[in-house]
Number of protein chains: 2
Amino acid sequence: MALTKGDATHRDILRKALSLASEVGLGGLTLSALAERVGLSKSGLFAHVSSKENLEVLVLEEAISRFTDLVVAPALKEPRGEPRFRALISGWLSWGKAEFMPGGCVFFAAIADLDDRPGPARDRLVSSQRDWVEALATAAKVAIAEGHFRADLDPHQLAHETFALGYGHYVLLRLIGDPKTEARTNAAFERLLESARTPS
Amino acid sequence: MALTKGDATHRDILRKALSLASEVGLGGLTLSALAERVGLSKSGLFAHVSSKENLEVLVLEEAISRFTDLVVAPALKEPRGEPRFRALISGWLSWGKAEFMPGGCVFFAAIADLDDRPGPARDRLVSSQRDWVEALATAAKVAIAEGHFRADLDPHQLAHETFALGYGHYVLLRLIGDPKTEARTNAAFERLLESARTPS
DNA sequence: CAAACAATAGTACGACCGTGCGATTCGTCA
DNA sequence: TGACGAATCGCACGGTCGTACTATTGTTTG
């Protein structure tokens with residue numbers, strides 16, 4: 001039998017852990033608090049996650065898998081080229097507001113938490129973000145091949161600027177929360193895409 | 001007499017606290033760890049800072065004052081217009097590598113820490129970053145008045161994109177650390193300034 | 001030099017942390 | 001149904017956290 005009781009609990013733990021981590025960060029995530037949310041005793045929960053460090057990795061793994069499902073996969077169904085690139089961007093922007101992460105993007109919270117704390121969790125985070133930049137660069141390459149973006153465009157440069165703009169937008173959104181923030185970020189992306197289209 | 005012994009210690013505490021906070025974040029900052037660095041007992045230190053929450057505010061205050069001295073003030077000595085705007089950007093970029101913040105920009109660490117934790121520390125952080133965006137916007141306005149930037153440029157839009165690009169760059173730098181990161185960010189800023197110059 | 005005061009140390013407290021371990025309940029299958 | 005293994009609990013441990021309180025230094029000043 002594949003679906004045992006423990007598996008269901010395990011899924012529930014990951015769901016709630018991701019949600020909680022988005023509020024308090026990976027470092028602020030606590031076994032007691034999580035246990036209470038899941039409806040388990042602290043030791044019952046501990047048996048599932050083996051250790052705090054492993055829990056952090058599990059949370060990242062869960063977030064990465066959801067990111068793939070919600071952002072990357074749908075974009076791959078869009079037509080090759082600029083439409084797909086745009087889908088990655090807009091999917092990413094709504095990712096930060098996903099209902100299962102009430103405290104906001106868990107990657108962002110993890111970046112500050114882990115950026116000076118080596119270990120498996122940090123390694124996994126870094127590789128995931130590296131993959132994301134690479135996915136953006138690949139989509140840019142495809143758009144060049146399709147003739148949507150200019151031939152002499154550096155796809156990694158575009159990926160860099162897109163990534164930076166995305167996280168920068170997130171900082172402005174979470175911290176200052178000016179109502180015009182979204183419109184300005186959209187304008188910035190349009191300018192960026194415009195310059196990727198126009199031959200230099 | 002103005003310069004008592006306690007004042008000197010106080011300055012030393014702020015210096016070391018800023019340095020330590022840049023490594024572990026505001027939330028990760030600990031009275032015991034700080035006391036050891038300063039060479040004080042935990043209670044001796046506590047007498048200086050009144051409370052943990054107040055220590056966080058003090059650290060932010062210290063960082064803000066240094067930011068003003070190291071980034072804003074020097075830029076104001078540059079010629080009005082684009083040179084001054086460029087000085088703000090380049091000053092900001094080197095701010096993230098200041099020797100007194102070995103763990104990187106303390107504002108960035110604080111943003112993730114405080115973004116879901118209301119209180120005086122968060123308020124101070126938000127106002128400081130709001131001020132920074134505003135300073136960028138003001139510099140952009142001046143550059144428009146000087147005829148360096150095009151007349152129909154929205155200075156707040158430029159400030160938004162500059163701010164976002166700066167923090168986005170920082171994420172890429174700290175997390176992934178590709179050696180080409182700096183060059184790409186510089187290219188992005190050049191493109192941004194170019195589009196601010198060119199009449200649309 | 002001594003009195004007055006600022007600065008620091010010592011110690012204790014309650015709360016919470018992650019973790020181990022033995023006991024107990026519960027779901028599953030012969 | 002009865003037994004076996006997985007899932008969960010209760011409890012305790014050592015450690016660290018921020019914060020009081022009191023005692024003891026050290027520094028300044030009349």
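This structure is a prediction, so every number in the text was calculated from the model and none was measured. Protein chains get the first letters and strands the later ones, always in sequence-line order, with residue 1 at the start of each. Both backbone and side-chain heavy atoms feed into the values below; hydrogens, waters and symmetry mates do not.
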message: Are B:Tyr167 and A:Tyr170 an aromatic pair, judged by ring center distance below 6.0 Å?
response: no
Side chain proximity check, [X] to [Y], heavy atoms < 4.5 angstrom:
X        : Y        : answer
B:Val72  : B:Leu76  : yes
A:His156 : A:Glu134 : yes
A:Ile144 : A:Pro155 : yes

If I take atom [atom1] in residue [X] and atom [atom2] in nucleotide [N], what distance separates them, rounded to the nearest angstrom?
X       : N      : atom1 : atom2 : result
A:Glu36 : C:dC17 : CD    : C1'   : 15 Å
A:His10 : D:dA6  : NE2   : C1'   : 14 Å
B:Arg11 : C:dA7  : CZ    : P     : 13 Å
B:Leu45 : C:dA6  : CG    : C1'   : 16 Å

message: Would a single hydrophobic cluster contain both B:Val142 and B:Phe85, if residues Ile, Leu, Val, Met, Phe, Trp and Tyr are joined by side-chain heavy-atom contacts under 4.5 Å?
response: no
- request: Is it possible for you to say whether A:Leu173 and B:Phe107 belong to one hydrophobic cluster, with membership spreading through side-chain heavy-atom contacts below 4.5 Å?
  value: no
C:dT8 phosphate, OP1 or OP2, under 4.0 Å from B:His48 side-chain N/O: yes
- prompt: Between CG of B:Leu20 and CE of B:Met101, what distance do you get to the nearest 0.5 Å?
  reply: 13.5 Å
task: Treat primed atoms plus P, OP1 and OP2 as sugar-phosphate and everything else as base, then score nucleotides 14-21 of chain D 5' to 3': B for base contact with protein heavy atoms under 4.0 Å, S for sugar-phosphate contact only, - for none.
output: ---SBBB-
- prompt: Can A:Thr9 and A:His48 be said to form a side chain to side chain contact (heavy atoms under 4.5 Å, CB included), step by step?
  reply: CA-CA 9 Å; A:Thr9 311; A:His48 275 277; 3.9 Å; yes
- prompt: Counting only non-hydrogen atoms, which of residues 109-120 of chain B are less than 4.0 Å from DNA chain D?
  reply: none
message: Within the 4.0 Å heavy-atom criterion, would you say A:Leu40 contacts the bases, only the backbone, or no part of the nucleic acid?
response: sugar-phosphate
